[in-house]
Amino acid sequence: MTEVRLTSGSHEILLPTEPDDALRALVDALATPVEHRRDAVSAVVARWPTFLDAWASLAALARDDVEAYAAARVGYHRGLDRLRQNGWRGTAFVPGRHEPNRGFLRSLTALVVAAEAIGERDEAERCRLFVRQLDPAWPLPA
């Protein structure tokens with residue numbers, strides 16, 4: 001496998017904070033009873049489709065591996081769009097210590113897990129490497 005290296009030194013992308021009403025809606029959705037939680041988070045995603053942490057949360061609440069993969073993949077692609085809109089050109093770090101970046105990193109991490117679960121090992125490895133390039137300190141599953 002070819003390793004892609006970031007060449008930007010200490011340049012970082014810091015995504016903007018989500019709107020307060022979106023953040024509150026996700027907190028409320030995650031606090032609903034477990035039997036309604038997935039639907040509540042799905043409603044947040046439907047209202048704020050670019051809210052990366054909501055996509056990552058939906059992936060975590062998926063009913064099966066394929067659904068988790070789909071939600072994680074959407075969160076990942078929405079995240080790439082958001083990163084590019086904020087100046088990322090493939091050569092900057094996306095540190096998880098900055099709260100708004102965590103939705104993207106969580107989506108990408110969920111994609112690692114879901115890709116492994118459905119047998120997409122090459123994709124899982126590419127995503128694992130990508131996480132390490134974006135934030136070497138971000139926790140990844142073994």
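Heavy atoms only: backbone and side chains are in, while hydrogens, waters and symmetry mates are out. Treat the numbers as computed from the prediction; the structure is a model and nothing was measured.
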Spacing of His77 atom NE2 and Ser107 atom OG [to the nearest 0.5 Å]: 11.0 Å
Glu123 vs Arg73, salt bridge (charged side-chain N to carboxylate O under 4.0 Å, His left out): CA-CA, chis, key distance, verdict: CA-CA 11 Å; Glu123 181 175 30; Arg73 196 131 179 63; 3.1 Å; yes
What side-chain donor-acceptor pairs closer than 3.5 Å can you find for residues 44-55, not counting sequence neighbours?
{"residue": "Asp53", "atom": "OD1", "partner": "Arg106", "partner atom": "NH1", "Å": "2.3"}
{"residue": "Asp53", "atom": "OD2", "partner": "Arg106", "partner atom": "NH1", "Å": "3.4"}
{"residue": "Trp55", "atom": "NE1", "partner": "Pro49", "partner atom": "O", "Å": "2.8"}

Minimum-distance pair of heavy atoms, taken over all atoms of Arg102 and Arg97: NH2-O, 3.6 Å
Side-chain heavy atoms of Asn101 within contact of Phe93, under 4.5 Å: no
Common cluster, Trp88/Leu14, ILVMFWY with side-chain heavy-atom separation under 4.5 Å: no
Verdict with supporting geometry, Leu58 and Val74, side chain to side chain contact (heavy atoms under 4.5 Å, CB included): CA-CA 10 Å; Leu58 191 59; Val74 172; over 6 Å; no
From CA spacing to verdict: salt bridge (charged side-chain N to carboxylate O under 4.0 Å, His left out), Arg126, Glu120: CA-CA 10 Å; Arg126 281 191 307 273; Glu120 287 284 340; 5.6 Å; no
Glu67 (side chain) donor-acceptor with Arg63 (main chain) under 3.5 angstrom: yes
Exercise: identify the closest heavy-atom pair between His98 and Leu15: NE2-O, 2.8 Å
Output a table of donor-acceptor pairs, distance under 3.5 Å, between side-chain atoms of residues 135-142 and any protein atom two or more places apart or on a different chain; print 'none' if there are none.
{"residue": "Asp135", "atom": "OD1", "partner": "Ala137", "partner atom": "N", "Å": "2.9"}
{"residue": "Asp135", "atom": "OD1", "partner": "Trp138", "partner atom": "N", "Å": "3.4"}
{"residue": "Asp135", "atom": "OD2", "partner": "Gly96", "partner atom": "N", "Å": "2.6"}
{"residue": "Trp138", "atom": "NE1", "partner": "Thr109", "partner atom": "OG1", "Å": "2.9"}

Connected via hydrophobic side-chain network under 4.5 Å: Val113 and Ile118: no
Inter-residue atom distance Cys127.SG - Leu108.CG, 0.5 Å rounding: 5.0 Å
Parallel, tilted or perpendicular, as decided by the 30° and 60° cut-offs, for the rings of Tyr76 and Phe104: parallel
Over all atoms of both residues, closest heavy-atom pair of Ala59 and Ala110: CB-CB, 4.0 Å
Side chain to side chain, Ile13 and Leu134, heavy atoms closer than 4.5 Å: no
Heavy-atom closest pair, residues His11 and Ala92: CD2-CB, 3.0 Å
Polar contact flag, side-chain donor to acceptor under 3.5 angstrom, Tyr69-Glu116: no
Pairs meeting criterion side-chain hydrogen bond (donor to acceptor under 3.5 Å, both in side chains) with involvement of residues 13-32, two or more places apart: Glu18-Arg82
Closest non-hydrogen atom pair, Ala124 against Val112: CB-O, 3.6 Å
Cluster overlap Leu23 with Leu26, hydrophobic side-chain contacts below 4.5 Å: yes
Non-hydrogen atoms of Leu105 and Pro95 that approach each other most closely: CD1-C, 4.2 Å
